[in-house]
Amino acid sequence: MHLYREPSVTNLDFDELASYLEGKIPFVEITTRRPPEANHELETERLAEKFAKTKVKSVESPEKNSNPLYGEIKYEEGLIENPSKDVSGVMYDGHLLSRIYHRLLPEEETDASHLHIIFTKRLFGTGKEKGGRYHARVSLYSYPTLISTSGIVEAPAKPKEFYREKRRLASLGETGGTIERLKEKFKGRFIDYDDERLTEVMKGYVMQALFYHLRSNPFCEKECCRLYNAHWQEEVIRAQLEPPEFCEKHSNILEEL
Ligand SMILES: [Zn+2]
């Protein structure tokens, strides 16, 4: 099982994630690695163009970004060369992104005996069905699996009151610094960028990747279980930060592994 580091976050401890996994599945060898972009053999510009092509043009439609602009390619070049650079306001197609990363994996490790989990700061989405809207995701369970450190902030919805308050302030014409003030008011009830609880939260997502790999189903219907497919921030917090770790069924499966 290979974890690929995402160097832009400081509160995600990959060594702790690896030792957590070693505790759960001692028979599996866990490695932590540099971001897959570090392994590319292509020219940076070619790879940057591939990334730019996976950008979602509009969340309303599945139209592909087949002819990326020069500026978009340069932006991606910057990200490849400096992986700790911040990224915001862009969404990528999760499946296309996974395909690019697949080509960056060591060829001799692309069989079912290897599980690759790539942490990325890129925010990605997937469409529900053909022609449907894109929805931001925390994770995409595929080969390789992708987990987004932006997705954990942006994909699960914040408390309903957060949005109610946001609309109220907007209707009063208040715009400056609104989001920051709201974040302060609702602090603790959602996961923020580089949140200090990030490592603990991500333990559940790597376990979902493991269950996807072993049993084809990463999810559990029990809200208390780390494998719960949370759509709300408060559900993420409940599943990942409050006991128990796993429901009875999944605890038993883990013990039998
Ligand atoms: Zn469960």
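Atoms within a ligand are numbered from 1 in the order they appear, just like the ligands themselves.
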With the Zn ion (ligand 1) as the centre, enumerate protein N/O/S atoms below 2.8 Å in chain and residue order. C220 SG, C225 SG, C247 SG, H250 ND1
Whether [Y] and [X] form a salt bridge (side-chain N of Lys/Arg under 4.0 Å from carboxylate O of Asp/Glu) is what I want to check.
X    : Y    : result
R226 : E200 : yes
D15  : R5   : yes
K53  : E63  : no
E76  : R122 : yes

Please report whether the ring centroid of Y101 lies less than 6.0 Å from that of F51.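 Yes.
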Ring centres under 6.0 angstrom apart (F211, H250):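 Ring centres of H250 and F211 closer than 6.0 Å.
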